[in-house]
Colleague: 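So that we are looking at the same thing, I have put the structure below in structure tokens.
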Amino acid sequence: MKLSLPPDWPTTPQAAIALQQKLRSQIETSDRLGSVHTVAGVDVGFTEAGTVTRAAVAVLSFPALQLVESQIAYQPTTFPYIPGLLSFREVPAILVALSQLQTQPDLLLCDGQGIAHPRRLGIAAHLGLLVDLPSIGVAKSRLTGTHAELPPEKGSWVPLHDRNETIGAVLRSRTNTQPLYISSGHRISLETAIAYVLQCTPKYRLPETTRWADKLASNRRSGPQSPPPCHNNQQMNLFG
DNA sequence: GCGACAG
DNA sequence: ATCTTGTCGC
């Protein structure tokens, strides 16, 4: 799929916050998705002392959850990690990885929050809006919001609130295990998002999509190691 | 002013 | 996120 970073992409935290304020109204939190036959997991990792961002995307069949395609992209890291501004650090590399995909996924599961964010534009919401695909935020910890106690059994969940609104759900994806923070990204409701996350999580705490993307973006991988990009065009030909 | 704070 | 070995519990 062909994608590219918008021309007005922010360079400073101030500009990033301003863009979030501008885009928040464009997020759709009601269901607008077709039949889901493929689900993609997206994750990011860092190498070279954090100077290089590695984005990975894994497309799985649904509901079989078998790997269909995966892509990895390396991009120089250009934005620091600032709580609330995660998308500006990770989205650039993610868009490159997604653009390399032959299979256009029907749904995106992202590491991080969807609208469970101070300005309702976490990375999952922002990414979904940019690529115009349904997306769900699947975070391993809380950014903002409060919630009641959560029963220990798999499948139980309680709403995540911020002021007077429900911004997401705290979901037990596995019995007696730390919960997941689920929220709508774009073009999907919270109820539907929870249902998909559970269907993508048959055995472990994290969805199969995320587990695949995690492994591909992680530093200690076993399989084929795609060489980090050479930025100085000094790619020498060892064979003359 | 103080504490919280996705990855 | 990343640095890193073994270890406790279902």
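Chain letters run A, B, ... following the sequence lines, proteins first and then strands; every chain starts at 1. Just so you know, these numbers use all the heavy atoms, side chains as well, and skip hydrogens, waters and symmetry mates.
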Colleague: Under 4.0 angstrom, heavy atoms only, what part of the nucleic acid is A:Leu180 near: base, sugar-phosphate, or nothing?
Modeller: nothing

Colleague: Kindly indicate whether a cation-pi arrangement holds for A:Arg211 with A:Tyr204, taking the cut-offs as under 6.0 Å to the six-membered ring centre and within 45° of the axis.
Modeller: yes

Colleague: Salt bridge check, A:Arg54 against A:Asp43: does any charged N sit closer than 4.0 Å to a carboxylate O?
Modeller: no

Colleague: Under 4.0 Å: is that the gap between some side-chain N or O of A:Lys140 and OP1 or OP2 of B:dG7?
Modeller: yes

Colleague: Distance check needed: B:dA6 C1' versus A:Ile167 CD1, whole Å only.
Modeller: 12 Å

Colleague: Within the 4.0 Å heavy-atom criterion, would you say A:Gly84 contacts the bases, only the backbone, or no part of the nucleic acid?
Modeller: base

Colleague: When the distance from NZ of A:Lys203 to C1' of C:dC10 is rounded to whole Å, what number comes out?
Modeller: 13 Å

Colleague: Would you indicate, yes or no, if B:dG7 has its OP1 or OP2 atom less than 4.0 angstrom from a side-chain nitrogen or oxygen of A:Ser141?
Modeller: yes

Colleague: For A:Tyr81 and B:dG7, do the ring centres fall under 5.5 Å apart while the planes stay under 30° apart?
Modeller: yes

Colleague: Give one of base, sugar-phosphate or nothing for A:Gly122, where a contact means two heavy atoms less than 4.0 Å apart.
Modeller: base

Colleague: I need the CG-C1' distance between A:Leu143 and B:dG3, as an integer number of Å.
Modeller: 15 Å

Colleague: Rounded to the Å, how far apart are A:Gln113 CD and B:dG7 C1'?
Modeller: 10 Å

Colleague: Going by the angle between their ring planes, with limits at 30° and 60°, are A:Tyr181 and A:His147 parallel, tilted or perpendicular?
Modeller: perpendicular

